[in-house]
Amino acid sequence: MTGTSLTGKFRLAVIQLQVTGVKADNLSRARRLVKEAAGQGSRLVLLPECFNSPYGTSFFSTYAERIPGESTQVLSEAARENQVYLVGGSIPEEDDGKLYNSCTVFGPNGELILKHRKIHLFDIDIPGKIRFQESEILSPGNSLSMFDTAFCKVGVGICYDMRFAELAQLYSRKGCQLLVYPGAFNMTTGPAHWELLQRGRALDNQVYIATASPARDETASYVAWGHSAVVNPWGEVIAKAGAEEGIIYADIDLQYLAGVRQQIPITAQRRDDLYTVTSVQEGSS
Ligand SMILES: NC(=O)CC(=O)C(=O)O
């Protein structure tokens, strides 16, 4: 099968990891769960945003690493030992005096094939509910990030990136059939928007969407919503976690995707003479 073939099926696993303040525990649990997912036939495995550290601006500098570093070494070995594509959620990355929220992707040989730095920083202020300002600590990435697998082409965003419809449109236009978003929505925006955004992105672009959240920890300073999910190009949720740690599985069916695109041919029907979405940059940041 070629990298962008529209035939075939493959199994995707999403790991909803219970992230603690102990980095070594996060890494070893992630490694164990990647092995478990591969044992169930998964060929592509997705971890959550900030899988090696608690999510919060006060934690980023303490847990930050260079890439390559300790956490990405574990990811590389887990990908190679289990022969999977591993989308390594995200980690706080330190580079040249700046901090980023970065996702690394490893191929089945353990090679680093992509690094995506969160493009849209999570700066929100909902009075009485939640104020979060990633930009106080982090710098944004400046590039789109896509990679080819033996099964299909995949576009990568991190959490808040999912709110920007243009990014998903560009990925779809550039041939992606699956978009993956490690994320960590919270107890305010999670119930309101998490699933809605995934279904919207899937339906608008006729792609599969997979999201991976940390498991919920009511004692954490930032309580993640959980509910990692996979949505198909028809907009249906085909796999969904609860709030606790676990793995969910979905069979990604590229023929089904092709069928949806043929039945409702919005790509051919677009009015690019009236509107268009274009990008100025591409590649890893
Ligand atoms: N944590 C995020 O980056 C985004 C989020 O929680 C939201 O958009 O809501």
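As the structure lists them, so they are numbered: ligands from 1, and atoms in each ligand from 1.
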Which pairs of nitrogen or oxygen atoms, taken one from ligand 1 and one from the protein, are under 3.5 angstrom apart?
unit_1   : atom_1 : unit_2 : atom_2 : d
ligand 1 : 1 (N)  : Y55    : OH     : 3.2
ligand 1 : 1 (N)  : A184   : O      : 3.2
ligand 1 : 3 (O)  : K118   : NZ     : 2.7
ligand 1 : 3 (O)  : Y160   : N      : 3.2
ligand 1 : 6 (O)  : N186   : ND2    : 3.4
ligand 1 : 6 (O)  : Y222   : OH     : 3.3
ligand 1 : 8 (O)  : R163   : NE     : 2.6
ligand 1 : 8 (O)  : R163   : NH2    : 3.3
ligand 1 : 9 (O)  : R163   : NH2    : 2.9
ligand 1 : 9 (O)  : T189   : OG1    : 2.6

Quick one: do E93 and K118 make a salt bridge, cutoff under 4.0 Å? no

Test your reading of the model: is there a side-chain donor-acceptor pair from D253 to the backbone of Q255, 3.5 Å cut-off? yes

For a quick check under 3.5 Å, do T20 and D25 share a side-chain donor-acceptor pair by atom type? no

Judged by atom type as modelled, is there a donor-acceptor pair below 3.5 Å linking the side chain of Y171 to the main-chain atoms of L144? no

My understanding is that only residues two or more places apart in sequence, or in another chain, count here; which of them pass ring-ring contact (aromatic ring centres under 6.0 Å, His included) with F10? F151

Hey, could you give me the CD/CG distance between E49 and L17, rounded to the nearest 0.5 Å? 13.0 Å

